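Chain letters run A, B, ... following the sequence lines, proteins first, then strands; residues in each count from 1. These figures come from a predicted structure and were not determined experimentally.
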Number of protein chains: 2
Amino acid sequence: MAEPSTPAVQPVPPQRGLFQVSSARRSPPERTKARTQDSRVHNRSLVLATLYHQGPMSRSELARDSGLTAPTISALVAELESDGLVTDIGPRKGSRPGKPANLVRIEDAVNLVVLDLSHSDRFTGAVLDLRGEVVGRAEIPLGGALGAAATELVLRLAAELLALAPRQVLGIGVGSPGIIDDTGTVRHAAHLEWSQLPLAERLTERFGIPAYVGNDINVAALAVLHFRSTQAQNLMVVAIEHGVGAGLVVGGELVEGEQFAAGEIGHITVDEDGEPCVCGRRGCLDLLIDAAHLRARLARTAEAGRPAVRTAAGRALGAVLAPILSALNLNEVVLTGPAELVEGEFLKAVTATARARTLPPISASLTIRSLAGDADLILLGGACLVLSAELGVL
Amino acid sequence: MAEPSTPAVQPVPPQRGLFQVSSARRSPPERTKARTQDSRVHNRSLVLATLYHQGPMSRSELARDSGLTAPTISALVAELESDGLVTDIGPRKGSRPGKPANLVRIEDAVNLVVLDLSHSDRFTGAVLDLRGEVVGRAEIPLGGALGAAATELVLRLAAELLALAPRQVLGIGVGSPGIIDDTGTVRHAAHLEWSQLPLAERLTERFGIPAYVGNDINVAALAVLHFRSTQAQNLMVVAIEHGVGAGLVVGGELVEGEQFAAGEIGHITVDEDGEPCVCGRRGCLDLLIDAAHLRARLARTAEAGRPAVRTAAGRALGAVLAPILSALNLNEVVLTGPAELVEGEFLKAVTATARARTLPPISASLTIRSLAGDADLILLGGACLVLSAELGVL
DNA sequence: CGTCTTAAGTAAAGACGTCTTAGAAACCCG
DNA sequence: CGGGTTTCTAAGACGTCTTTACTTAAGACG
């Protein structure tokens, strides 16, 4: 009798971005029902994705391209326009028969805030537009902060970037070291002494903006897939800075692993009689190719012997890669880390060894290259998290 | 003017099973539009899958379980019932308050025909029901047939099995050696001298029944995933018979690879100074652990030395697995092949080596087991292909 | 033994989204 | 200037799910 016509309290999903499209792929193989309005959000992001990847086009072209009918496209575009995500930029230049088309373009009315927590001495971050172009940057020195203090620095840096963003922020994307589950909880990050830290939740709560957190190298693999790759749907990124890690994309999807620990290749045994490692074993890959270890090894080697050290390191990685590349039929490998270590003999040896140890079908189409100079890979990876979860655009 | 009201020729998709649900995942990253009726087929297979995995249940339970509303479920069940896929088996036994529920059960009104082309001397096949239970078997000796002659034998065997099937056949599933793309074309199969053979198409054309072809070990991995596994969404099957091959499931999905050659691990170099291999390299994994090679090696070794040979072979496989398991964070490995080779020292050495060469997070939850006795794995894998493409049930 | 409560299932109407059909607008071409 | 072409929108049809209300059937309870 209090509220006669109000239908009780609407059970609205708790946190949800303005334009959120996918429910961020929580937990693996759950079949979900399809309501009739799901097709709307699907088609909406189909239109958005088409515009995103192919640039401005007319409604008719969108219709042909997407398989939807013209009226539907018109309705979707109108909706996207009223959300401020696209604009009608008027008639196309040049003359053709028929009524001239009005082009529709993705509106850069939104920004992304992205964070890279992979460095050992500082956290860096940036404000990006939808294209991944940097609009602003900020960083914050870590100063040895650990645990909760480090978390506080993440929040501070995020706040700073949010203040910097000229437009509405669609979401926050973070690439962090450690093992991170699909809810954006850092299960374990040794360097930062984090454990079971629900970082995405913290960020979302604090700023009221959807946040997504992924492993730094994993999101770098996403960045390569979407921003730096040719056509490959299967690729691997290997980083040799601050420990050896990898990120894998298989069939266009990031590999998470059964315990969200995919890509942890640093402590694979390479030589059972090798040096002892902090992990308690001997001859780990990490001892041979991690930047710090490799630098130390180079430093205590005479000038003349250094190329051989680099080559030996590259061979070790190549030998580890060979089974992975073969098993997954993966053609594209990207190495990152300090350029002076990654490029040159090391890269050459990795490539040669991987080629020599795999069958022609694999080795022939294999590309191993360095993106060592690409400092923004992890930031772009954070953007990938946001763009796919919020706009379904990637 | 010929046909006034008929809307021209309807562009019906050419081949399509009676109840087909997914369009068989042709080519990877193609965004598709969502029509309103797509939700119908989705929800239909959601209901079917629930019944398939959880056994008979009432419409109300289906509604709670699926998140759909009761009226929708009623409508879907009615539709499935008129298709002969489910039956109402009357009220549940035992008494509870409220109106007694009528249970709905999947009807075994359909059969599957599955073929295993992996043996070198014969093709085997079976008729299965929806549960994967064998209803009938047949096989056909290969007699050295190659190329088109071997293809003809496949068709003969399929015809024989179709004649054997007591009920309507939902589809044909084939596990074949070689590299097979996502249209069911055998791109290359050395033993059978097949190349660019559109086997699925041939079968579909000949019998008018949807057919699916996959690599033998790959589909075996599907079989393990759906019929022999616990909960793992990431697993690997390694076969050491007739060459060394693997099938990988990552995130619940079969890994195909960029050139559909995923799992080809036989010619990874294990020992750069090893024996020469037919592939032109030296020290391939195949030379150490393939059944034929391993048997030969055992035969020319004195009784006392044989365990050491088995152990050495196991170690080699373990060393190859370690990088793969680490990179993918994979916990479950299944070995198949001749039981007397796979089990015992070999399996022990594989496990020990893989454990010793991976970090605790991986090695602790790692299970490596043998399904060497399980002769029907590839047949079941063929069933997986049909069940997921036609019913969306897996 | 009759009434209440609980649960299962169905029927009718409403909401949402796409498609079909039809038409208006704007341009080129001859 | 009229016909052809292309773009885009308007109105209604259709399919699918949901909401709401009702019927059916059993146990619980006094």
Side-chain angles (χ1 to χ4, degrees), chain A residues 4-11 21 32-47 56-82 86-104, chain B residues 4-8 10-11 21 32-47 56-82 86 88-104:
Chain A
S5 66
T6 312
V9 182
Q10 285 281 44
V21 128
T32 58
K33 67 171 173 177
R35 286 161 327 202
T36 155
Q37 63 217 67
D38 289 337
S39 74
R40 187 75 186 216
V41 306
H42 183 170
N43 288 338
R44 229 182 79 120
S45 77
L46 172 61
V47 168
M57 47 201 304
S58 74
R59 292 172 178 76
S60 299
E61 286 167 319
L62 278 170
R64 281 192 291 272
D65 211 277
S66 64
L68 293 164
T69 58
T72 303
I73 291 291
S74 279
L76 287 169
V77 167
E79 190 185 308
L80 289 168
E81 207 169 354
S82 84
V86 305
T87 333
D88 191 321
I89 56 171
R92 183 205 311 273
K93 281 165 198 154
S95 87
R96 302 195 286 185
K99 176 178 171 179
N102 285 337
L103 296 186
V104 178
Chain B
S5 65
T6 311
Q10 285 282 47
V21 129
T32 57
K33 68 171 172 176
R35 286 162 327 205
T36 153
Q37 63 220 70
D38 290 337
S39 72
R40 188 74 183 214
V41 305
H42 183 171
N43 288 337
R44 229 180 79 118
S45 77
L46 172 61
V47 168
M57 45 201 307
S58 73
R59 292 173 178 77
S60 300
E61 287 167 319
L62 278 169
R64 282 192 292 271
D65 211 278
S66 64
L68 292 164
T69 57
T72 304
I73 292 291
S74 279
L76 288 169
V77 167
E79 191 183 307
L80 289 168
E81 208 170 351
S82 85
V86 305
D88 191 321
I89 56 170
R92 184 206 310 276
K93 283 166 198 156
S95 90
R96 300 195 287 185
K99 175 178 171 180
N102 286 334
L103 296 184
V104 178

Presence of B/R40 side-chain N/O under 4.0 Å of D/dC17 phosphate oxygens OP1/OP2: yes
Nearest listed nucleotide, side chain of B/K99, among C/dT10, C/dA8, D/dT18: C/dA8
Touch class at under 4.0 angstrom, heavy-atom based, for A/S60 against every strand present: sugar-phosphate
OP1 or OP2 of C/dT10 under 4.0 Å from side-chain N/O of B/S74: yes
Sugar-phosphate only, base, or nothing, as touched by A/T36 at under 4.0 Å among non-hydrogen atoms: base
Any B/N43 side-chain nitrogen or oxygen under 4.0 Å from OP1 or OP2 of D/dC17: yes
Phosphate-side-chain proximity, A/T69 and C/dT20, N/O vs OP1/OP2 below 4.0 Å: no
Touch class at under 4.0 angstrom, heavy-atom based, for A/A34 against every strand present: sugar-phosphate
Backbone of A/K33 reached by a side-chain donor or acceptor of B/N43 within 3.5 Å: no
A/D65 side chain to A/E61 backbone, donor-acceptor under 3.5 Å: no
Strand partner of D/dG30, provided both Watson-Crick or wobble distances fall under 3.5 Å: C/dC1
Position toward the 5' end of DNA chain D (nearest nucleotide), A/Q37 or A/L103: A/L103
Selection from D/dC17, C/dC19, C/dA12 that lies nearest to any side-chain heavy atom of A/L68: C/dC19
Any B/K93 side-chain N or O less than 4.0 Å from OP1/OP2 of D/dA26: no
Sugar-phosphate, base or nothing in reach of A/R92, heavy atoms under 4.0 Å: nothing
Which residue lies more 5' along DNA chain C, comparing A/G67 with B/A101 via nearest heavy atoms: B/A101
Sugar-phosphate, base or nothing in reach of A/P71, heavy atoms under 4.0 Å: base
Touch class at under 4.0 angstrom, heavy-atom based, for B/T72 against every strand present: base
Short side-chain N/O contact to C/dA15 OP1/OP2 from A/R35, under 4.0 Å: no
